[in-house]
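Down below is the structure, laid out as structure tokens.
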Amino acid sequence: MLIKKVNILLFIVAVLIIGNVAAMPHDSLSLKDSARFADDPIADNLDSLAHLNFFEKGYDFVQSPNYHFSSDSIPWYSDKEFADRLSKLDAQSPFDLQYNDVVKGYIELYAVRKRALTSRMLALSKLYFPMMEQILDRYNMPLELKYLAVVESAMNPEAFSRAGARGLWQFMYTTGKLYNLQVTSYVDERNDPVKSTIAACQYLKTLYGMFNDWQLALAAYNCGPMEVSKAIRRSGGKMNFWEIRPYLPRETQGYVPAFIAVNYIMNYATSHNIYPGIPNATFFDVDTVCVHQQLSFSQISTYLNVPVNEIAYLNPCYKLGVIPYSGDGCYTVCLPVSKVGTFVTNEQTIYSFAKKDTLSSGQILSFQQNIPEVEYYRVKRGEHLSSIADHYHCTVRELKQWNGLASSRVHAGQHLMVYLNRKKSKNSSNSKLAQKGYYVVQSGDTLWRISHSTGISVADLKKINHLQDSAVLSPGTKIKLASN
């Protein structure tokens, strides 16, 4: 009888242990992958979404009938369950969506470590995936390739890498030029969601033609076809990603596993209690119109009553907040559907209004020169914010402000954003008043320019100073920079 009771107790303990293991990821997995994700560009791209201001508060929470999680629950599953789910996806995909420990590590990245940012990523997919699917279908390519943009940029159209790649599809300057993505003083089409997606389809089609394997084409998209060809030779002629993986650059070794993990999380997010955030606009809420004369975002904002920040987010390819005149065609502007009709009906009136308030080429060039260049600095062992500040001739306070740091503590491997060519105001009274929370309007100033100069959003400047959309800024006027 005693033996029977002991057996029952052991059974209960075993059930409790198994239940706890299934409820959260294994600690050993977290420790094992911590070093890899400390300097992983895929994780860095996810982190960039934390500063993206394009979401309403709350989540698009639709409780699945198959799951009944509490709001703070972080579900986790057995290897068998992960393998079975990927097997179902693999049966409907031309990609080899196999499950292994490397893929598991990236599933944990999206489902556990960065789950709040994954929610934002799911929200952005409502704006970009329908457009990507249309273009992929036009080129007769697998629709799963839309997930590559998640790996590349975490669906952030303003993403840029330390190497100089930009946009949803992270094109380098030279590669973008090969696929007709123009870069001028006004426009960078690598940041244009539609044009960069077309270029990505053309490039991926070329890479697939080289290797006749989608996994190898993905690897080549990341590190270049020459590196993949070298890895094939070093492996003895193998033509399988997992067999040549040890011979690929370190970043590319995690690239295809991350792509597989994104396929998983985008299809099984609700089973991990992850729901999409609510974006300010979806694909069906916006449309594009042609612009035949130069217009600035602030001018469009004033006439259509659309926040400048929203116009800038929907049109990330315009570097200076100005849509230039094109003599051999037209540039387009993406607007909320509710405003497109107003723009088209009143187009000539808007141009006439804009002519009275158009910045000269000299003013725009001067503004462009005052935009600070950004550099990412990797903290070395033993370094402190004070030594980094001395190196870049800035203050510790500025470093903390630029990087959203609450304390002065940093750790080796951490990346800090540094503004290089910071310009001091030529107006001495402005620099003194700025310390007291004021800005003196200069000739040619707009709220958008003041916003970029001070780092305070246009909406906040309007709210603090009780300004209407049609307000005219007179030189010499003092603008409050803080409500207190």
Side-chain angles (χ1 to χ4, degrees), residues 24-26 28-49 74-125 128-129 132 142-156 159 168-170 214-219 221-223 240-242 245 248 250-276:
M24 63 188 72
H26 302 291
S28 59
L29 177 63
S30 301
L31 292 172
K32 181 180 178 182
D33 290 336
S34 59
R36 184 202 315 163
F37 293 131
D39 191 29
D40 193 318
I42 295 169
D44 290 344
N45 286 335
L46 274 170
D47 290 336
S48 73
L49 293 183
I74 304 178
W76 193 247
Y77 299 94
S78 66
D79 287 342
K80 183 180 184 304
E81 181 66 23
F82 285 131
D84 287 346
R85 290 177 177 181
L86 276 172
S87 178
K88 291 176 183 177
L89 295 176
D90 181 66
Q92 304 175 46
S93 170
F95 294 89
D96 180 18
L97 303 180
Q98 63 174 273
Y99 177 73
N100 53 41
D101 286 341
V102 185
V103 174
K104 180 179 181 179
Y106 280 100
I107 290 175
E108 187 205 7
L109 175 71
Y110 291 111
V112 180
R113 293 169 178 266
K114 309 287 186 180
R115 55 189 289 109
L117 299 176
T118 299
S119 173
R120 287 191 155 210
M121 194 169 63
L122 288 165
L124 291 172
S125 71
Y128 295 118
F129 274 3
M132 291 177 179
L143 298 187
E144 290 89 347
L145 284 171
K146 65 189 176 187
Y147 298 133
L148 189 62
V150 176
V151 180
E152 282 289 342
S153 64
M155 305 296 288
N156 181 359
L168 287 172
W169 296 93
Q170 290 292 281
W214 278 117
Q215 243 87 340
L216 296 183
L218 294 180
Y221 189 92
N222 179 252
C223 65
N240 177 280
F241 170 80
W242 297 102
R245 182 173 176 267
L248 290 168
R250 178 175 171 270
E251 180 183 327
T252 309
Q253 291 181 19
Y255 192 74
V256 170
F259 175 79
I260 295 172
V262 169
N263 273 263
Y264 170 85
I265 201 66
M266 299 302 280
N267 285 279
Y268 288 100
T270 54
S271 71
H272 288 272
N273 204 25
I274 299 175
Y275 299 88

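In what follows, residues are counted from 1 in the order of the sequence shown. All values derive from a computational prediction rather than experimental measurement.
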[atom1]/[X] to [atom2]/[Y] distance, rounded to the nearest 0.5 angstrom?
| X | Y | atom1 | atom2 | result |
| --- | --- | --- | --- | --- |
| Leu117 | Asn156 | CG | CG | 11.0 Å |
| Tyr221 | Trp169 | OH | CH2 | 6.0 Å |
| Asn240 | Gln215 | CG | CD | 8.0 Å |
| Ser271 | Ile265 | OG | CD1 | 7.0 Å |
| Lys88 | Leu97 | NZ | CG | 14.5 Å |

Measure across [X] and [Y] and return the closest heavy-atom pair with its distance rounded to 0.1 Å.
| X | Y | result |
| --- | --- | --- |
| Gln253 | Phe241 | O-CZ, 3.9 Å |
| Pro75 | Asn273 | CD-CB, 3.8 Å |
| Thr270 | Tyr275 | CG2-CE2, 3.7 Å |
| Met266 | Ser125 | CE-CB, 4.0 Å |
| Val256 | Ala219 | CG2-N, 4.4 Å |
| Met121 | Ala154 | CG-O, 3.9 Å |

Practice item. Could you label the plane-to-plane angle of the Phe82 and His272 rings as parallel, tilted or perpendicular, counting under 30° as parallel and over 60° as perpendicular? Key: parallel

**Study point:** Sidechain N-carboxylate O distance under 4.0 Å for Glu108, Lys104
**Key:** no

Review point. Is the Tyr255 to Tyr106 ring centre distance short of 6.0 Å?
Key: no

Check your understanding: Less than 6.0 Å separating the ring centroids of Phe259 and Phe95?
Key ->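 Here the rings of Phe95 and Phe259 have centres that are less than 6.0 Å from each other.
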
Check your understanding: Would Glu81 and Tyr268 count as a side chain to side chain contact (heavy atoms under 4.5 Å, CB included) if you check the C-alpha gap in whole Å, the side-chain angles of each, and the deciding distance to 0.1 Å?
Key -> CA-CA 12 Å; Glu81 181 66 23; Tyr268 288 100; over 6 Å; no

Point to revise | Criterion side-chain hydrogen bond (donor to acceptor under 3.5 Å, both in side chains) on Glu144 and Asn263, from CA distance to verdict | key: CA-CA 7 Å; Glu144 290 89 347; Asn263 273 263; over 6 Å; no

Exercise for review: Using modelled atom types only, decide if a donor and an acceptor are shared between the side chain of Ser153 and the backbone of Ala149 within a distance under 3.5 Å.
Suggested key: yes

Review point. Counting N and O atoms only, with roles assigned by atom type, does the side chain of Thr118 sit under 3.5 Å from a partner on the main chain of Tyr110, one being a donor and the other an acceptor?
Key: yes

Point to revise | From CA spacing to verdict: side chain to side chain contact (heavy atoms under 4.5 Å, CB included), Leu145, Leu218 | key: CA-CA 9 Å; Leu145 284 171; Leu218 294 180; 3.8 Å; yes

Review point. Are any of the side-chain heavy atoms of Pro257 and Trp242 separated by less than 4.5 Å?
Key: yes

Exercise for review: State, yes or no, whether a side-chain contact exists between Leu86 and Val103 at a heavy-atom distance under 4.5 Å.
Suggested key: yes

Revision key, fill the gap. Side chain to side chain contact (heavy atoms under 4.5 Å, CB included) test vs Val112 passes for just one of Ile107, Ile74, Ile274, namely Ile74

Review point. Under the side chain to side chain contact (heavy atoms under 4.5 Å, CB included) criterion, do Arg245 and Val102 qualify, and how do the steps go?
Key: CA-CA 12 Å; Arg245 182 173 176 267; Val102 185; 3.5 Å; yes

Point to revise | side chain to side chain contact (heavy atoms under 4.5 Å, CB included) between Phe129 and Met155, intermediate numbers included | key: CA-CA 9 Å; Phe129 274 3; Met155 305 296 288; 3.6 Å; yes

Practice item. Would you please name every residue forming a side-chain hydrogen bond (donor to acceptor under 3.5 Å, both in side chains) with Asp84, sequence neighbours left out? Key: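 Partners of Asp84 by the side-chain hydrogen bond (donor to acceptor under 3.5 Å, both in side chains) criterion, ordered by chain and then number, come out as Lys80.
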
